[in-house]
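Beneath this line is the structure, given in C-alpha cells, with notes to follow.
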Amino acid sequence: MAATCPECGHKLHFWNVKAECPNCGINIPNHKWEERLEQDADAAEEAFAKMHFKTKNFKSSLTGSKLRIVRLIMTFAPLVALVLPLYKVNINLPFYQKSETITFLSFVMDYLTKTDIGSVISLMGAKVLGQATTLVVIACLLMLIAVAAAVLNFFVLLIAGFRLKYMLNVVLNAISCIGFASVSILFIQFTKSCEAIGAGILTDGSIQAIGFIVGCLLFAINFILNVIVGKGMKKQREEQPNQEEFVKNEIEELREKSAES
C-alpha cells in the first residue's frame with residue numbers, strides 16, 4: 001500500500017488494506033495505469049535503443065571491415081608462443097642431471113606449480129646463487145605478466161568494442177611485446193651468471209631465439225593492428241551520432257513505423 005494517496009495526497013496507514021483510498025475513493029493500484037503503461041513502454045523503447053547502439057558498435061568493432069576481422073583472429077595468435085621453445089638447459093647437480101627445452105607451458109606445469117616459492121625467495125639473497133636466481137625470477141614474472149596481458153587483451157577487445165575503444169588493447173599488446181623481449185635478455189644474463197659461478201651446475205644453457213622472435217613478432221603485429229584499427233574506430237565514433245542522439249533517432253523511427261502500420 002502506498003504511503004499517501006497518489007490522487008489526493010491523503011496519508012495512508014497500515015490498517016488501510018483496501019485498494020481504494022478512504023478519502024477520495026480512487027483505486028490506488030490502477031491509478032493512472034494507462035499513463036504508467038505508456039511510461040513503461042517509453043522506458044522499454046529507450047532501453048532497446050541503447051542496447052541496439054552498443055551491439056551495433058560491438059559488431060562493427062569486431063567484423064566491420066576485413067582488417068578488423070584480421071585483428072580479432074590475430075588476438076588468439078600469440079597463444080602459439082605458449083608452446084614454442086624458449087630455453088634449452090642442461091642441469092648437473094649431485095644425484096640429479098637433466099637436459100630439456102623449456103616452453104611456457106612446461107615451465108608452468110613442471111616448475112612453477114612444483115616450486116617452493118619461499119625457498120626461491122630466500123635463495124635470491126644467497127651470495128653464490130643470488131644473482132642468477134634473481135634474474136630467473138624476474139624473467140618468470142615478466143613472462144607471466146606478458147601472457148596475462150595477452151589473455152586479458154581478448155576480453156578487453158570484446159568489452160571495449162561496445163564503445164569503439166581500443167587504447168587499452170594497444171597498451172596490453174605493448175606490455176606483452178616488451179615483457180617477452182625483456183625475458184630473452186634476462187635469460188641471456190642468467191646463463192652468463194651461471195657460467196660465472198662455474199662448478200658445472202648449468203651447462204649449455206641457451207635461449208631459443210625462434211620462440212622469442214615469433215612471440216614478439218605476434219605481439220608486435222597485434223600492437224600495429226590495434227593502432228591502425230583504432231584510428232578507424234576513433235573516426236567512426238566522431239562521425240556517427242552519440243548514444244543520446246542515436247536513441248532519439250531510433251525511437252522516432254520506431255514510432256513513425258508504428259504510426260504507418
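Being a predicted model, the structure only gives us computed values, none of them experimental.
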Residues passing the side chain to side chain donor-acceptor pair (under 3.5 Å) test with E250, sequence neighbours excluded, are H52
* Taking atom types as modelled, is there a side-chain donor on T101 or Q208 under 3.5 Å from an acceptor on the other? -> no
Do the non-hydrogen side-chain atoms of P85 and I102 ever get within less than 4.5 Å of each other?
no
Smallest heavy-atom separation, S184 atom then A181 atom, equals OG-O, 2.5 Å
Quick note, salt bridge (charged side-chain N to carboxylate O under 4.0 Å, His left out) partners involving residues 46-58, not counting sequence neighbours, are E46-K50
Do L67 and R71 touch side chain to side chain, with heavy atoms closer than 4.5 Å? no
By salt bridge (charged side-chain N to carboxylate O under 4.0 Å, His left out), E45 pairs with (sequence neighbours left out) R255
Grouping ILVMFWY residues whenever side-chain heavy atoms fall under 4.5 Å, the cluster of F53 otherwise contains F246
Review point. Is there a side-chain contact between Y166 and V229 (heavy atoms, below 4.5 Å)?
Key: no
Problem set entry | Flag side-chain contact, heavy atom, 4.5 Å: M233 against S60 | no
Sorted by chain and residue number, the side chain to side chain donor-acceptor pair (under 3.5 Å) partners of S106 (sequence neighbours excluded) come out as T103
Find out whether K59 and T55 are in side-chain contact, i.e. whether some heavy atom of one side chain is under 4.5 Å from a heavy atom of the other. no
Can you tell me how the ring of F187 sits relative to the ring of F212, calling it parallel under 30°, perpendicular over 60° and tilted otherwise? perpendicular
Residues 137-165 side chain polar contacts: donor-acceptor under 3.5 Å, at least two apart:
unit_1: N153; atom_1: OD1; unit_2: N169; atom_2: ND2; d: 2.8
unit_1: N153; atom_1: OD1; unit_2: N173; atom_2: ND2; d: 3.2

